[in-house]
Amino acid sequence: MTAWAEGDPLEVAPRLLGAVLTHGGVAVRLTEVEAYAGPDDPGSHAFRGRTPRNSVMFGPPGCLYVYFVYGMHHCANLVTGPDGEPGAVLLRAGEVVGGLDLARVRRPGSPDRDLARGPARLCRALGIDLAENGTRVAVVAAADQPTFSTGPRVGLRHAAERPWRFWITDDPTVSTYRPASPRPSTGR
DNA sequence: GGAAGGATTGACT
DNA sequence: GTCAATCCTTCCC
C-alpha cells in the first residue's frame with residue numbers, strides 16, 4: 001500500500017526522498033522533488049481550477065500526472081491527494097538503480113549520474129510520456145529517511161519562493177544547477 | 001479563431 | 001554564459 005505517499009504534498013514530498021520508483025523497466029531512487037499544492041499554490045497547474053489537462057491531479061493518489069512542456073519535454077508528478085484536492089509532487093531528479101542499461105540506451109552520451117538528473121531527463125530515463133498520464137506507478141518507500149534539505153522551487157514564474165523543494169543532502173544526482181537564469185531579456 | 005506562455009534541456013560562443 | 005527549439009493548453013475577443 002502506498003498510504004505513506006498520500007495526503008498533503010508538503011508532507012509526502014520528503015517521504016518520497018530515497019523511495020524507489022519503477023517504471024518502463026527502469027528503477028530510480030528519488031533524490032529531488034517539489035511539492036505542488038492546489039488552490040493555494042500559484043505555481044501549480046491546478047491553481048486556476050480543474051482543466052482537462054490537470055484533471056489527473058484531482059484524481060486518486062498514486063497516479064502519475066504527466067505533462068508536456070516547452071514543446072519537447074515531459075515532466076512527471078506523483079499525485080498525492082488528498083482526495084478531492086489537486087496535490088502532487090514533481091519528480092525532479094533521481095539516481096538510476098535498476099535497468100541501468102536501458103536508461104543508458106534512452107540517454108546516450110550521458111554519464112550515469114545524469115541519466116535522471118532533471119525532471120525531463122527523469123521522464124526519458126523511465127520512458128514516461130503522455131501515454132502514462134493518469135496511470136498507476138510503483139513506488140517503494142525508503143527503509144530509512146535520508147537527510148534532506150529544503151529550498152525554493154526552480155523554474156517557476158510564480159510562488160517560486162516557497163521552500164517546497166526537497167532534496168537529499170549531498171547527493172550528486174540532485175539538480176542544483178541553474179540557480180538563476182532569467183529568460184526575459186527585456187525589461188530592467 | 002487567434003495569441004501567449006510554459007514545473008527544461010542542449011548546443012554554441 | 002547566453003540563446004534557441006517546439007508542442008500543447010489556456011485565455012481573450
Side-chain angles (χ1 to χ4, degrees), chain A residues 8-10 12-14 16-17 21 23 28 30-59 63-81 85-96 103-134 137 150-167 172-188:
Chain A
D8 188 335
L10 283 172
V12 175
L16 285 172
L17 293 175
L21 186 153
H23 184 88
V28 298
L30 301 176
T31 58
E32 183 184 1
V33 298
E34 273 180 16
Y36 283 89
D40 299 326
D41 183 5
S44 171
H45 283 173
F47 178 61
R48 295 159 143 292
R50 182 169 181 158
T51 66
R53 181 217 237 173
N54 65 29
S55 61
V56 173
M57 289 181 77
F58 293 76
C63 288
L64 224 44
Y65 166 49
V66 184
Y67 68 94
F68 204 54
V69 71
Y70 295 120
M72 50 175 77
H73 299 300
H74 294 96
C75 291
N77 300 250
L78 183 64
V79 177
T80 66
E85 289 184 39
V89 177
L90 171 67
L91 312 178
R92 284 198 63 84
E95 172 191 2
V96 178
R104 283 174 180 154
V105 171
R106 289 178 177 143
R107 308 257 41 217
S110 294
D112 291 353
R113 195 192 65 167
D114 290 348
L115 291 175
R117 187 167 73 159
R121 291 170 171 177
L122 185 145
C123 282
R124 222 177 305 181
L126 293 176
I128 294 175
D129 59 27
L130 287 179
E132 332 296 323
N133 191 32
V137 67
T150 64
R153 293 186 291 190
V154 177
L156 290 81
R157 289 192 168 183
H158 302 289
E161 307 177 339
R162 304 190 183 190
W164 290 356
R165 184 159 70 105
F166 305 80
W167 68 91
T173 63
V174 173
S175 61
T176 53
Y177 65 110
R178 302 209 181 197
S181 153
R183 225 173 318 128
S185 55
T186 57
R188 220 148 41 149

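Protein chains get the first letters and strands the later ones, always in sequence-line order, with residue 1 at the start of each.
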Quiz item: With a 4.5 Å heavy-atom cut-off, do A:Leu156 and A:Trp164 have their side chains touching?
Solution: no
Quiz item: Could you run down nucleotides 6-11 of chain C 5' to 3' and tag each one B, S or - for protein heavy-atom contact under 4.0 Å?
Solution: BBSSSS
Quiz item: Got a donor-acceptor contact below 3.5 angstrom from the A:Arg121 side chain to the A:Arg117 backbone?
Solution: yes
Quiz item: Could you give the CG-to-C1' distance, from A:Asp41 to B:dA7, as a whole number of Å?
Solution: 10 Å
Quiz item: For A:Glu161 and B:dA7, what is the distance between atoms CD and P respectively, to the nearest whole Å?
Solution: 15 Å
Quiz prompt | For atom CG of A:Leu78 and atom C1' of B:dA7, their distance in whole Å | solution = 15 Å
Self-check item: All stems with DNA chain B, defined as three or more consecutive Watson-Crick or G-U pairs under 3.5 Å
Solution: B:1-6 with C:7-12, B:8-12 with C:1-5
Self-check item: Shortest non-hydrogen contact from A:Arg113 toward A:Pro172
Solution: CD-O, 3.5 Å
Quiz item: Does A:Arg124 make a side-chain N or O approach to OP1 or OP2 of B:dT8 shorter than 4.0 Å?
Solution: no
Quiz item: Using the ring of each side chain (for Trp, its six-membered ring), is A:Tyr67 parallel, tilted or perpendicular to A:His45, with breaks at 30° and 60°?
Solution: perpendicular
Practice problem: Scan A:Leu90 against the nucleic acid and name what it touches under 4.0 Å (heavy atoms): base, sugar-phosphate only, or nothing. | Solution: base
Quiz item: Relative to the 5' end of DNA chain B, which residue comes earlier, A:Ser110 or A:His158, by the nucleotide with the nearest heavy atom?
Solution: A:His158
Quiz item: By side-chain contact (heavy atoms from CB on, under 4.5 Å), which residues pair with A:Ala159, not counting sequence neighbours?
Solution: A:Asp41, A:Pro42, A:Arg153, A:Arg162
Quiz item: Can you find a side chain N or O atom of A:Arg162 that sits less than 4.0 Å from OP1 or OP2 on B:dA7?
Solution: no
Self-check item: Between B:dT8 (P) and A:Glu34 (CD): distance, integer Å
Solution: 8 Å
Quiz item: Looking only at heavy atoms, which two atoms of A:Arg165 and A:Pro152 are closest? And how far apart?
Solution: NE-O, 3.1 Å
Exercise. Starting from C1' on B:dT8, measure out to CG on A:Asn77 and report it in whole angstrom.
Key: 14 Å
Exercise. Take the protein atom CZ of A:Phe47 and the nucleotide atom C1' of B:dG5, then report the distance between them rounded to whole Å.
Key: 16 Å
Quiz prompt | Heavy-atom donor-acceptor pair, A:Ser44 side chain to A:Ala37 backbone, under 3.5 Å | solution = yes
Practice problem: Whole angstrom is fine here: how far is it from OH in A:Tyr67 over to C1' in B:dA7? | Solution: 3 Å
Practice problem: Output yes when a side-chain donor or acceptor of A:Arg106 lies under 3.5 Å from a complementary backbone atom of A:Ala125, and no otherwise. | Solution: yes
Exercise. Rounded to the nearest angstrom, tell me the gap between atom CZ in A:Phe166 and atom C1' in B:dA7.
Key: 15 Å
Quiz item: Any sub-3.5 Å donor-acceptor pair from A:Glu34's side-chain atoms to A:Val154's backbone N or O?
Solution: yes
